[in-house]
There are 2 protein chains.
Amino acid sequence: METTIETPARDADRTRAAILHAAQQVFAAKGFAEAGVRDITALAGVNPSLVSRYFGGKLKLFEAALDAALNTRLMTDLPKDQFGKMIVARFADEDDRVSPLPMMFSAAADSEARAIAQRLLRERVFEPLKDWFGGGDADVKAARFMMVSLGFFAYRDQLPLAEFAGRVEPRLRQWLEREFQAIVDE
Amino acid sequence: METTIETPARDADRTRAAILHAAQQVFAAKGFAEAGVRDITALAGVNPSLVSRYFGGKLKLFEAALDAALNTRLMTDLPKDQFGKMIVARFADEDDRVSPLPMMFSAAADSEARAIAQRLLRERVFEPLKDWFGGGDADVKAARFMMVSLGFFAYRDQLPLAEFAGRVEPRLRQWLEREFQAIVDE
DNA sequence: TCCTTATGTAAACACTCGTTTACTTACGTC
DNA sequence: GACGTAAGTAAACGAGTGTTTACATAAGGA
């Protein structure tokens, strides 16, 4: 006989986690509007009604998924002298995990989801970044960071043009690295 | 008596134009998804069914509205030595007219509307800009322009943070001007 | 003047989607 | 081992939306 790990057929915590995990995948892939509750629950292998029971609705589920995605990593742990290279590497290469910024983007079209994305963006990205930059121009630096980041993701994911769809052109990557580094250095 | 201009109660061209005009307003204000056909036709003062009759559906109407918005002005007519200042002025100050880029943004969440926005963005903005920049790095320059522009609108309109909502902070504006000018100069 | 056609309207249709309700079933406890 | 509660499912509900259909009416020529 094998070492039987306790895996009961019915486990609220487990299914709740499964829904949350599936939600991150589907929201990131299809965006808030086009990601249906039925899509998410089908991926999780459960009934659509459980979204309302465990999370209180699609909107709350989105908030939880976005919150969870934001917990995976922070950018204020990067070395300041290598900020440019490392942030671009993170943005461009780590496409395996669920990245929060593209998720926030997709929410922008929905007024309710946008409000949630705004709040989380401010509390969990903008403000920490501002404190990390420091100095009198910290707010402008944080704003510059947001603009370049959002511009990158908008260009790559939301409205990809034929030339650079999917990959990141080397010269464009170099420019991005200089751009992000300049925010820290100036 | 007054100079009676011919204003027949029923004029197909006139109502068609009224729908198109209203569509530009509503699409720009609420985005593709949240702008309902009933919203648009109510503003135009006509029946919702006329959208399908005159344009072939909401999606085609969106395409026509975006196309019309793109016809209002081009950016390749700006003097190259003043490109930075003037493009920022156009983006930041001319909020009275319907600007196409924010409209394109809102379409990104809908897969069908996104395809239209992508094509128009490439044909009417990206390619002309590439030719205008010229040189071996023209494609990279055009991409940089797109990233900064989309980043600006994303930050200002789609996910506005409390600090700079609505207005454009002077130091941020200065940075944007330098950024756009650098694309032309480098 | 009458009649055809284009123009516009009202209402219903068809479909999607998030959510709720009623019911079934497995788990833990006495 | 029976029972009560939690976990899960199936199906229907209700609201919203783009579109189509059936009908009304103004315009303009024969």
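First the proteins, then the strands, lettered A, B, ... as listed; each starts at 1. These numbers come from a predicted model, not from an experiment.
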Legend entry - Rounded interatomic separation in angstrom, taking CG from B/D13 and P from C/dT7: 8 Å

Inset, instruction - Within residues 45-52 of chain A, find the residues that approach DNA chain D with a heavy atom at under 4.0 Å, and present them sorted by residue number. - result: A/G45, A/V46, A/N47, A/S49, A/L50

Legend entry - For B/D185, all residues meeting salt bridge (charged side-chain N to carboxylate O under 4.0 Å, His left out), sequence neighbours excluded: none

Legend entry - Atom-pair distance (CD1 on A/I19; P on D/dA7), nearest Å: 12 Å

Legend entry - Nearest-nucleotide 5' precedence on DNA chain D, B/G57 against A/A12: A/A12

Inset, instruction - Check side chain to side chain donor-acceptor pair (under 3.5 Å) between B/K80 and all other residues, then give those that pass, not counting sequence neighbours. - result: none

Inset, instruction - Output all residues satisfying side chain to side chain donor-acceptor pair (under 3.5 Å) with A/D81, sequence neighbours left out; order by chain, then residue number. - result: none

Inset, instruction - Select base, sugar-phosphate, or nothing to describe what B/F55 touches, counting heavy atoms under 4.0 Å on all strands. - result: nothing

Inset, instruction - Round to the nearest Å and state the distance from B/R14 atom CZ to C/dG8 atom C1'. - result: 15 Å

Legend entry - Nucleic acid contacts - residues 26-41 of chain A versus DNA chain D, non-hydrogen atoms under 4.0 Å: A/R38

Legend entry - Between D/dT9 (P) and A/Y54 (OH): distance, integer Å: 9 Å

Inset, instruction - Determine, using ring centers only, whether A/F126 and A/F145 are less than 6.0 Å apart. - result: no

Inset, instruction - Could you tell me which residues satisfy salt bridge (charged side-chain N to carboxylate O under 4.0 Å, His left out) with A/R114, sequence neighbours excluded, listed by chain and number? - result: none

Legend entry - By salt bridge (charged side-chain N to carboxylate O under 4.0 Å, His left out) - contacts of B/E112 (at least two apart): none

Legend entry - Residue pairs passing the side chain to side chain donor-acceptor pair (under 3.5 Å) test where at least one lies in residues 35-49 of chain B, sequence neighbours excluded: B/K30-B/D39, B/N47-B/S49

Legend entry - Nucleotide C/dT16, atom P - distance to NZ of B/K58 in whole Å: 16 Å

Inset, instruction - Find the distance B/L61:CG to D/dT17:C1' and express it as a whole number of Å. - result: 15 Å

Identify each atom pair where a protein N or O and an N or O of nucleotides 22-24 of chain D are less than 3.5 Å apart, giving names and distance.
none

Listed pairs under 3.5 Å, donor-acceptor, residues 51-65 of chain A side chains, sequence neighbours left out:
from: A/K58; atom 1: NZ; to: A/F32; atom 2: O; distance (Å): 2.9
from: A/K58; atom 1: NZ; to: A/A35; atom 2: O; distance (Å): 3.0
from: A/E63; atom 1: OE2; to: A/R119; atom 2: NH2; distance (Å): 2.3

Legend entry - Pair listing, ring pair (Phe, Tyr, Trp, His ring centres under 6.0 Å) test, anchored in residues 101-120 of chain A, at least two apart: A/F105-B/F105

Legend entry - Ion pair A/D139/B/R171, N-O distance below 4.0 Å: yes

Legend entry - Residue list, ring pair (Phe, Tyr, Trp, His ring centres under 6.0 Å) with B/W175, at least two apart or on another chain: none

